[in-house]
Asks: 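Dropping a structure here in structure tokens format, bear with me for questions.
In what follows, chains carry the letters A, B, and so on, assigned in the order in which the sequence lines appear, proteins first and then strands, with residues in each chain numbered from 1.
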Amino acid sequence: MFQSISQCLNSTTSTLFHARQVHAHFLKFGLFSNTQLTTTLLTLYSHYLPFPQLKIILSSLPQPTIFSFSSIIHSFARSQHFHHVLGAFSQMGSRGLVPDSYLLPSAIKACAVLKALKPGRQVHAFASVNGFGSDSVLMSSLVHMYLKCNRIEDAQKLFDGMCERDVIVWSAMIAGYSRLGIVDRAKELFNEMRNEGVEPNLVSWNGMIAGFCNAGSYDEVVMLFREMISDGFFPDGSTVSCVLPGIGNMEDVLMGEQVHGYVIKQGLESHNFVLSALLDMYGRCGCASEMSRVFDEIDQTEIGSLNAYLTGLSRNGLVDTALEVFKKFKAREMELNVVTWTSIISSCSQNGKDMEALQLFRDMQADGVEPNAITIPSLIPACGNISRLTHGKEIHCFSLRNGIFDDVYVSSALIEILEKSEKLSIEIKKSGYLPMTKSVLQDVEEQDKEQILCGHSEKLAVVLGLINTSPGQPLQVIKNLRICVDCHAVIKIISRLEGREIFVRDTNRFHHFKDGVCSCGDFW
DNA sequence: ATAGGGTTAG
């Protein structure tokens with residue numbers, strides 16, 4: 001009978017229905033003690049049953065073996081339940097079952113995806129002790145894990161020690177350096193790989209193109225794209241979705257259209273992320289009608305597509321259309337997320353629809369969607385135009401309540417909002433103040449420098465002090481670094497405009513600001 | 001009996 005059950009389980013025509021029938025037999029005749037049979041049943045189930053049910057079956061096994069765990073863990077990995085891969089893995093360990101070299105890569109991959117360096121290192125140690133150091137698949141997965149955890153030196157060391165380096169581990173290295181923005185090194189590796197006689201494949205190309213795209217080297221992206229095509233490769237969905245942002249950024253509509261044609265020819269439209277990338281490209285190139293046409297083809301049940309469309313409409317100044325689309329999808333009771341809300345709020349805010357922007361900000365909270373560190377800065381224009389302190393205060397309170405106040409962008413946005421509401425910024429500028437961008441040591445553009453100055457903590461502290469205390473009350477600020485010249489100048493002006501005494505203690509001295517003068521006599 | 005690693009996306 002065992003044989004016939006086994007045959008039934010292994011038959012390629014098996015279905016969930018058959019599996020359940022056999023399962024019933026197991027229960028009826030108490031066959032669960034035969035671990036070989038249960039493993040086969042489990043494997044069969046693992047292809048049909050959703051994850052939660054598989055978990056229940058695993059925990060119901062009286063004597064799980066390395067085989068049952070293996071079957072289940074690989075299934076968890078296939079369905080991308082990486083937390084549970086690690087969970088099952090440690091459960092296995094606590095039962096005294098030892099994993100083999102085939103099972104370890106699944107555990108390591110889970111560590112890589114979850115960026116779980118500590119368990120990753122543990123598995124590495126286990127693999128070394130058990131003599132798996134020359135298993136190139138296992139070593140490749142470790143290299144990948146270290147790269148994902150940003151341990152590039154560990155990865156390089158392992159990679160250097162490998163005796164067999166195939167296209168997969170080379171591609172992992174190339175993609176790893178690319179992700180970290182070290183694109184020159186990625187390119188170097190690409191050439192080294194060729195010199196060693198390992199031929200790059202589509203994944204190697206994709207990894208490198210993705211890196212250059214991320215680094216904003218769009219010329220290079222397009223060059224590589226051309227090169228891979230002339231090398232005889234056919235770009236796939238990944239390639240295209242990396243190349244399109246580059247094309248969009250260069251606003252090269254002609255090339256964008258060529259890629260669109262290619263997408264249709266190769267049937268890549270079935271990938272939603274390819275269509276989203278196309279939509280985004282048209283949006284950046286100012287082709288609003290093309291953008292809408294692409295949106296009509298997209299699977300609109302995916303929130304990401306809607307978000308991309310709203311952003312594109314906003315970019316092209318089509319706020320009313322954006323609002324229309326937004327309302328339509330809201331009416332459909334589609335679940336809108338922070339990105340959707342932020343996108344429409346920012347669209348209104350940037351296009352003079354101040355009241356709408358603020359109302360939407362309230363609506364999103366009423367809907368139970370928490371604003372994030374991008375939502376707040378997007379409200380700046382709306383608050384500035386309305387020039388009403390209440391709105392600034394409302395947003396300020398929100399940020400304090402939700403603990404997103406520590407974010408640099410949020411805090412500088414708040415300062416901007418409050419300054420505009422308290423017309424403080426204009427007054428400060430009127431007093432002849434010029435931002436002393438020399439105080440910004442970072443290597444960034446002039447405009448960004450002004451922005452950075454605006455976010456300095458001492459200014460932040462003073463402006464916050466202003467709104468949280470009653471007029472005329474003195475303010476005290478303690479700082480564990482030296483105050484910068486720009487802040488010093490601004491606080492002098494504020495002390496005069498607001499008629500406040502402000503005390504700032506920095507690492508060097510006490511500064512007592514009053515009537516536009518500082519006690520340090522500008523000795524600073 | 002179980003059966004491995006690399007690229008995309010927002």
Side-chain angles (χ1 to χ4, degrees), chain A residues 2 5-6 9-10 34-44 46 64-75 77-78 85 92 97 99-113 127 132 135-145 147-148 155 158-159 162 164-176 178-179 186 189 193 198 200-211 213-214 228 233 235-245 268 271-277 279-280 302-309 311 337-340 342-343 374:
Chain A
F2 282 3
I5 289 175
S6 192
L9 285 169
N10 287 324
N34 184 321
T35 53
Q36 268 180 273
L37 281 179
T38 50
T39 299
T40 326
L41 176 64
L42 205 56
T43 306
L44 183 57
S46 79
T65 62
I66 172 78
F67 298 106
S68 34
F69 270 104
S70 217
S71 163
I72 275 297
I73 287 175
H74 285 125
S75 167
R78 268 201 305 274
V85 166
M92 205 181 83
L97 298 170
D100 61 13
S101 68
Y102 272 76
L103 192 48
L104 288 175
S106 285
I108 299 165
K109 184 182 180 176
C111 295
V113 174
F132 297 138
D135 184 319
S136 63
V137 173
L138 183 44
M139 287 300 116
S140 303
S141 69
L142 282 171
V143 167
H144 176 234
M145 184 274 297
L147 289 168
K148 279 282 189 187
L158 262 188
F159 178 76
M162 284 175 69
E164 276 173 58
R165 299 190 293 202
D166 62 10
V167 68
I168 292 186
V169 72
W170 276 105
S171 302
M173 287 290 286
I174 291 166
S178 280
R179 266 195 303 272
L189 280 162
M193 163 167 69
V198 181
N201 65 13
L202 190 58
V203 177
S204 332
W205 281 102
N206 285 350
M208 202 166 50
I209 290 179
C213 179
N214 258 330
M228 74 176 276
F233 285 95
D236 65 357
S238 305
T239 328
V240 165
S241 56
C242 285
V243 169
L244 283 170
L268 300 175
H271 302 285
N272 220 36
F273 63 81
V274 170
L275 287 180
S276 289
L279 188 154
D280 179 78
E302 256 190 57
I303 191 74
S305 322
L306 173 64
N307 294 347
Y309 189 42
T311 308
N337 64 19
V338 211
V339 183
T340 325
T342 304
S343 172
I374 300 168

Asks: Taking CG from A:Leu275 and C1' from B:dA9, how many angstroms apart are they, rounded to a whole number?
Replies: 13 Å
Asks: If you go through the side-chain atoms of A:Ser141, does one of them form a donor-acceptor pair with the base of B:dG5 closer than 3.5 Å?
Replies: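 Answer is no: no donor-acceptor pair is held.
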Asks: Can a side chain N or O of A:His144 be found less than 4.0 Å away from OP1 or OP2 on B:dG6?
Replies: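 For B:dG6, OP1/OP2 do have a side-chain N/O of A:His144 under 4.0 Å.
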Asks: Touch check for A:Val339, heavy atoms < 4.0 angstrom, all strands: base, sugar-phosphate only, or nothing?
Replies: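 If one applies the 4.0 Å heavy-atom cut-off, A:Val339 turns out to touch nothing in the nucleic acid.
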Asks: For A:Ile73 and B:dA1, give me the distance from atom CD1 to atom P, rounded to whole Å.
Replies: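 One finds 20 Å between P of B:dA1 and CD1 of A:Ile73, rounded.
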Asks: For a quick check under 3.5 Å, do A:Ser71 and A:Thr43 share a side-chain donor-acceptor pair by atom type?
Replies: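 Yes, a side-chain donor-acceptor pair sits under 3.5 Å.
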Asks: Base, sugar-phosphate, or nothing: which does A:Ser101 touch, judged by heavy atoms less than 4.0 Å apart?
Replies: base
Asks: OP1 or OP2 of B:dG6 sitting under 4.0 Å from any side-chain N/O of A:Lys109?
Replies: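 It does, given that an N or O in the side chain of A:Lys109 lies less than 4.0 Å from OP1 or OP2 of B:dG6.
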Asks: Roughly, in whole Å, what's the span from CZ in A:Arg78 to P in B:dG4?
Replies: 8 Å
Asks: Compare the minimum distances between each of B:dA1, B:dA3, B:dT8 and the side chain of A:Ala210, then state the nucleotide with the smallest one.
Replies: B:dT8
Asks: Run the side chain to side chain donor-acceptor pair (under 3.5 Å) test on A:Ser178 and A:Asn214 for me, step by step, so that the C-alpha distance in whole Å, both residues' side-chain angles and the decisive distance to 0.1 Å come before the verdict.
Replies: CA-CA 8 Å; A:Ser178 280; A:Asn214 258 330; over 6 Å; no
Asks: Nearest to the side chain of A:Ser106, which nucleotide is it out of B:dG6, B:dG4, B:dA9?
Replies: B:dG4
Asks: Expressed in angstrom and rounded to an integer, what is the separation of A:Trp205 atom CH2 from B:dG6 atom C1'?
Replies: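 A:Trp205 atom CH2 is separated from B:dG6 atom C1' by 17 Å.
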Asks: Can you check the A:Phe159 CZ to B:dG5 P distance for me, whole Å?
Replies: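 Spelled out: CZ on A:Phe159 to P on B:dG5 is 19 Å.
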Asks: Give A:Leu103 one of three labels, base, sugar-phosphate or nothing, depending on what nucleic acid heavy atoms sit under 4.0 Å from its own.
Replies: nothing
Asks: Contact between A:Val198 and A:Arg165 at the side-chain level, heavy atoms closer than 4.5 Å - yes or no?
Replies: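 Sidechains of A:Arg165 and A:Val198: no contact.
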Asks: Would you kindly give the CD1-to-P distance between A:Ile374 and B:dG10, to the nearest whole Å?
Replies: 13 Å
Asks: Got a second to check how far A:Leu275's CG is from A:Asp280's CG, nearest 0.5 Å?
Replies: 12.5 Å
Asks: Assign A:Asn307 to base, sugar-phosphate, or nothing according to its heavy-atom contacts below 4.0 angstrom with the strands shown.
Replies: nothing
Asks: Walk me through it: do A:Lys148 and A:Val113 pass the test side-chain contact (heavy atoms from CB on, under 4.5 Å)?
Replies: CA-CA 7 Å; A:Lys148 279 282 189 187; A:Val113 174; over 6 Å; no
Asks: Taking CD1 from A:Ile66 and P from B:dG4, how many angstroms apart are they, rounded to a whole number?
Replies: 14 Å
Asks: Side chain of A:Asn201: nearest nucleotide among B:dG6, B:dT7, B:dG5?
Replies: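 Of the options given, the side chain of A:Asn201 lies nearest B:dG6.
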Asks: Measure CG/A:Asp100 against P/B:dG4 and give the value in whole Å, please.
Replies: 11 Å
Asks: With a non-hydrogen cut-off below 4.0 angstrom, is A:Asp166 in contact with a base, only sugar-phosphate, or nothing?
Replies: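 Since a base atom lies under 4.0 Å of A:Asp166, the category is base.
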